[in-house]
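The shown structure was predicted, so the numbers you read here are calculated from the model rather than taken from an experiment. Counting from 1, the numbers follow the sequence of the chain as shown. Values below: every heavy atom of this structure, side chains too, minus hydrogens, waters and symmetry copies.
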Amino acid sequence: MQFKHQGRRVQVLAYRGYDKEKRRAIVKMMGSIDVYSYEPSDGLTENLTDEEKTELQSYIETERQAAEKRTRQYFAESSASRISEVADTIKAGDFEPSEAWAADTWAAIEALTKAMRKAGYPKPRKAPQKSADAPKPGQAGLPLGDTPEAPESAS
């Protein structure tokens with residue numbers, strides 16, 4: 001069997017022998033299925049043999065799994081920007097989070113953190129903040145006077 005995408009439908013084509021006079025294969029369109037719902041057209045399953053029905057079901061299951069994978073990848077790829085948008089919405093006061101929403105969101109963030117750590121992406125660590133007043137050991141300090149010192153001229 002062959003499956004040919006045509007807009008929102010996938011045509012189901014079946015081989016039905018060889019025409020010696022025309023010197024080509026006889027391929028009949030048996031029906032179609034919807035690209036998004038995977039619903040077969042009227043009469044499609046009645047026209048197929050048991051082997052062809054099995055092949056059609058296998059094709060539909062493969063396409064469903066691929067679509068689900070694409071959807072999940074899209075959600076993962078867009079999650080950072082969506083989280084930033086939610087934060088901006090809360091900061092702007094356009095959204096009043098409820099206790100239940102906050103609890104669900106924190107739980108989701110914790111699950112994401114665990115999954116990322118398990119995948120080998122630990123939380124980035126910030127460098128410890130050092131006091132700007134204290135010079136490093138062995139480093140000369142800057143002069144503290146109000147007037148800038150004039151550089152020595154080379155004679």
Check your understanding: Under 3.5 Å, is there a donor-acceptor pair between the side chain of Ser41 and the main chain of Leu44?
Key -> no
Check your understanding: Does atom CD of Glu46 have more than 12 heavy-atom neighbours, drawn from other residues, nucleotides or ligands, at distances under 6.0 Å?
Key -> yes
Review point. If you draw a 6.0 Å radius around CD in Glu99, do more than 12 non-hydrogen atoms from other residues or ligands fall strictly inside?
Key: no
Point to revise | Rounded distance (nearest 0.5 Å) linking atom NZ of Lys123 with atom CZ of Arg117 | key: 7.5 Å
Check your understanding: Atom CG in Leu56, atom OG1 in Thr45: separation rounded to 0.5 Å?
Key -> 8.5 Å
Check your understanding: Is it the case that one hydrophobic cluster holds both Phe3 and Ile60, taking links as side-chain heavy atoms less than 4.5 Å apart, direct or via other members?
Key -> yes
Check your understanding: If you look only at pairs with a residue in residues 19-29, which of them pass as a salt bridge (charged side-chain N to carboxylate O under 4.0 Å, His left out), with sequence neighbours excluded?
Key -> none
Practice item. Not counting sequence neighbours, list each pair that qualifies as a ring-ring contact (aromatic ring centres under 6.0 Å, His included) and has a residue in residues 81-102. Key: Phe95-Trp101
Review point. Once you round to the nearest 0.5 Å, how far does OG1 of Thr54 lie from CE of Met1?
Key: 10.0 Å
Point to revise | Distance-minimising heavy-atom pair for Gly7 and Val35 | key: O-CG2, 3.7 Å
Check your understanding: In Å and rounded to the nearest 0.5 Å, what is the CD to OG1 distance from Glu55 to Thr49?
Key -> 8.5 Å
Check your understanding: According to a 4.5 Å side-chain heavy-atom criterion applied to Ile, Leu, Val, Met, Phe, Trp and Tyr, with indirect links allowed, do Val27 and Met29 form part of one hydrophobic cluster?
Key -> yes
Study note, to complete from the structure: When every non-hydrogen atom of Ser79 is compared with those of Ala76, the smallest separation belongs to OG-O, 3.0 Å
Review point. Are the side chain of Ser84 and the backbone N or O of Ala80 linked by a donor-acceptor pair below 3.5 Å?
Key: yes
Review point. Could you state the interatomic distance from CD (Glu85) to CZ (Arg82), rounded to the nearest 0.5 Å?
Key: 7.5 Å
Check your understanding: With a cut-off of 6.0 Å (strictly less than), are more than 12 heavy atoms of other residues, nucleotides or ligands near OH of Tyr18?
Key -> yes
Revision key, fill the gap. What one should report as the nearest heavy-atom pair of Ser81 and Ser78 is OG-O, 3.0 Å
Review point. Roughly how far, to the nearest 0.5 Å, is CG of Asp104 from OG of Ser98?
Key: 8.0 Å
Review point. Can you check whether Glu63 reaches Tyr59 side chain to side chain, under 4.5 Å on heavy atoms?
Key: yes
Exercise for review: Output every pair passing side chain to side chain donor-acceptor pair (under 3.5 Å) with a member in residues 29-39, not counting sequence neighbours, ordered by first then second residue.
Suggested key: Arg8-Asp34, Arg9-Ser32, Asp34-Ser37
Exercise for review: Compare all side-chain heavy atoms of Lys4 with those of Gln2 and state whether any distance is below 4.5 angstrom.
Suggested key: no
Review point. For Gln6, does the CD atom have more than 12 heavy-atom neighbours from other residues, nucleotides or ligands under 6.0 Å away?
Key: yes
